[in-house]
Trainee: 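First the structure, then my questions, so here it is.
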Amino acid sequence: MFWTFDCSILISSFYLQLYRRYSGKFYLMASPAIDSAWLSSPSEPFCKSLNVGEAHPADILPVLEAPVPFASDNSNAPQPPPLPSKNCTRTKYSKRPLEYSVVPKETKDTWDNLFKEGYGADVCILTNEKSCVLAHSNVLSIASPVLANVLWLSKVKNGMRYIKIPGVPHGAVCMFIRFLYSSCYEEEELQKFVLHLLVLSHLYSILSLKRVCICSLEHGWLTRENVIDVLQLARNCDAPRLAFICVRMVVKNFKSISLTEGWRAMRRANPALEQELVESVVEADTRKQERQRKMEEKKVYLQLYEAMEALLHICKDGCRTIGPRDKVLKGSQGACNFPACKGLETLVRHFSNCKTRVPGGCVHCKRMWQLLELHSRMCNEPDSCKVPLCRHFKEKMQQQSKKDETKWMVLVSKVIAAKNAVRSFSSRSKGLF
């Protein structure tokens, strides 16, 4: 006797019972709510204003609301599931790739042995050394669409297809075909035939082998003797990153590379590439000199900023044996925290004792006049400033020409940029430590 069950009836009965049991019992689970908070007399002379003595974000706290059930008549209703723990985060369950596979060693060995033994081979690949490499047309056609077209156009003789791969050694062809079967290779053979394999992988569209060759050349196999050959192959085989690395190596070691045999051969066969590399070397030297010039300029602007800080320090608080007249100076003070204070102290002492003391008469005094004028252009409080002649230079600005005013404005902007760079660097350093 056979019993026949209607599955749709059972499913409908099950959901009917489920509906009767839980009808009207709904629960609301609150999502986490996150609260965060965003939260001297200016007209007095310089010497009278200085006492120059003798030299001796708020924390973010997540608040989890408890589940609040609606009013229910049935006390036997199931409780909602618990809230996720703090350790259960979205980063723990990262998305996996759609396709994931691991090829066992046994499988690779099987395909490698199939190539080495040539069992059931129906393709004979002829090389320059009049040798033959046996292969299977199905494997070659699946691995490379280019080889599939070549096999389609090849001649068949006694059930065997014959194709040619000229221009490369027999060992490189064997290694290339073996890679199509099992993706296996020997490190010594790869280093020996890497340039030939790069050409073959590009010619027959084997991207995996091409990546292996490029990676090997980028990580240690580039030398001064082969860099020119690799550069030309990289450009012909559509490997821009490898070509860029070669050009960078040529620019860095131009003198030694220009004496190699590869460079001489390139000069005869491709003079346009030689001209391009020479221009790259000249451009790199120009950029290097420009960087050095800008670094020297930044260094000067930084020194000017330090001099402005030291000048304010001396005129406001005093340092060792030099400072304002309303300060009691002690020559036995410790080391000063301002790096330019010592040099500026010497300059101020000379300026106070120099008998010439005119902008064009003494080089040291001229420098002091320039520092005082630069301070006055950067000072925002001339009425309460204790630096001598600050208000005097403020009034003098109105009488200067437009050309001189532009020069001073550029200098002030550069010094302010150096000051901001120092402050941002110090703030980042404090954040790290």
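This structure is a prediction, so every number in the text was calculated from the model and none was measured.
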Trainee: If you take all heavy atoms of N226 and W221, which pair is closest and at what distance?
Mentor: ND2-O, 3.2 Å

Trainee: Pairing donors with acceptors under 3.5 angstrom, does anything connect the side chains of Q292 and E296?
Mentor: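 E296 and Q292 do not have a side-chain donor-acceptor pair below 3.5 Å.
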
Trainee: Would a line drawn from the ring center of H136 to the ring center of Y181 be shorter than 6.0 Å?
Mentor: yes

Trainee: Can you name the side chain to side chain contact (heavy atoms under 4.5 Å, CB included) partners of E218, sequence neighbours left out?
Mentor: I214, R241, L242, I245

Trainee: Nearest 0.5 Å, please: how far is CG in N236 from CG in L231?
Mentor: 9.5 Å

Trainee: I'd like to check the side-chain hydrogen bond (donor to acceptor under 3.5 Å, both in side chains) partners of E276; sequence neighbours left out, ordered by chain and number.
Mentor: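 Partners of E276 by the side-chain hydrogen bond (donor to acceptor under 3.5 Å, both in side chains) criterion, ordered by chain and then number, come out as R235.
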
Trainee: Return the minimal non-hydrogen interatomic distance between R224 and N253, and the atom names on each side.
Mentor: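 For R224 and N253, the tightest heavy-atom pair comes out as NH2-OD1, 3.1 Å.
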
Trainee: With disulfide (SG to SG under 2.5 Å) as the rule and sequence neighbours excluded, what pairs involving residues 127-208 come up?
Mentor: C124-C132

Trainee: If I compare all heavy atoms of H364 with all of L347, which pair ends up nearest, and what's the gap?
Mentor: O-CD1, 3.4 Å

Trainee: Write down the atom of L190, the atom of S216, and the distance for their closest heavy-atom approach.
Mentor: CD2-OG, 3.6 Å

Trainee: Between E261 and R264, does any NZ, NE, NH1 or NH2 come within less than 4.0 Å of an OD or OE carboxylate oxygen?
Mentor: yes

Trainee: Do I416 and Y305 touch side chain to side chain, with heavy atoms closer than 4.5 Å?
Mentor: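 No, every pair of side-chain atoms sits at 4.5 Å or beyond.
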
Trainee: For L180 versus V139, what's the shortest heavy-atom pair and its separation?
Mentor: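 So the two residues come closest at O-CG1, 4.3 Å.
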
Trainee: Return the CG to CZ distance between L147 and F176, rounded to the nearest 0.5 Å.
Mentor: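 One gets 5.5 Å once the value is rounded to the nearest 0.5 Å.
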
Trainee: So how far is it from F254 CZ to L259 CG, rounded to the nearest 0.5 Å?
Mentor: 9.0 Å

Trainee: Output yes when E189 and K192 qualify as a salt bridge under the 4.0 Å nitrogen-oxygen rule, no when they do not.
Mentor: no

Trainee: Hey, does E279 have a side-chain heavy atom less than 4.5 Å from the side chain of E283?
Mentor: no

Trainee: Could you check if a side-chain atom of L374 sits within less than 4.5 angstrom of a side-chain atom of W408, using non-hydrogen atoms only?
Mentor: yes

Trainee: Scan residues 194-215 for pairs that pass salt bridge (Lys or Arg N to Asp or Glu O under 4.0 Å), counting only residues two or more places apart or in two chains.
Mentor: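 For residues 194-215: none.
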
Trainee: Please evaluate residues C362 and H350 with respect to the criterion side-chain contact (heavy atoms from CB on, under 4.5 Å), reporting the C-alpha separation (whole Å), side-chain torsions for both, the decisive distance (0.1 Å), and the verdict.
Mentor: CA-CA 10 Å; C362 177; H350 166 81; 3.3 Å; yes

Trainee: Hey, mind stepping through H196 and V173 against side-chain contact (heavy atoms from CB on, under 4.5 Å) and telling me if it holds?
Mentor: CA-CA 9 Å; H196 303 289; V173 177; over 6 Å; no

Trainee: What's the separation between atom CD1 in I228 and atom CG in L233, rounded to the nearest 0.5 Å?
Mentor: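 CG of L233 is found 11.5 Å from CD1 of I228.
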
Trainee: Just how far is it from atom OG of S413 to atom CE of M378, taken to the nearest 0.5 Å?
Mentor: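 Output value for this atom pair is 10.0 Å.
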
Trainee: Between V212 and V194, is a side-chain contact (heavy atoms from CB on, under 4.5 Å) present by the stated rule, with each step listed?
Mentor: CA-CA 9 Å; V212 170; V194 61; over 6 Å; no

Trainee: Any side-chain heavy-atom pair from V199 and F193 closer than 4.5 angstrom?
Mentor: no

Trainee: Please examine the side chains of T127 and V168, heavy atoms only from C-beta on, and report whether any two atoms are closer than 4.5 Å.
Mentor: no

Trainee: If a pair satisfies disulfide (SG to SG under 2.5 Å) and one of its residues is in residues 230-279, list it, with sequence neighbours excluded.
Mentor: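 Of all non-adjacent pairs touching residues 230-279, none passes disulfide (SG to SG under 2.5 Å).
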
Trainee: On the 0 to 90° scale, with breaks at 30° and 60°, tag the F179-Y185 ring pair as parallel, tilted or perpendicular.
Mentor: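 F179 and Y185: tilted rings.
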
Trainee: Which residues pass the side-chain hydrogen bond (donor to acceptor under 3.5 Å, both in side chains) test with K402, not counting sequence neighbours?
Mentor: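 With neighbours one apart ignored, the set is empty.
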
Trainee: I'd like to know if R178 and D112 make a salt bridge, using a cut-off of under 4.0 Å between side-chain N and carboxylate O.
Mentor: yes

Trainee: For the residue pair Y204 and I165, what are the closest heavy atoms and their distance?
Mentor: OH-CG1, 3.7 Å

Trainee: Once you round to the nearest 0.5 Å, how far does NZ of K155 lie from CG of L153?
Mentor: 11.5 Å

Trainee: Does any N or O in the side chain of N270 come within less than 3.5 Å of the main-chain N or O of M266, such that one atom is a donor and the other an acceptor?
Mentor: no

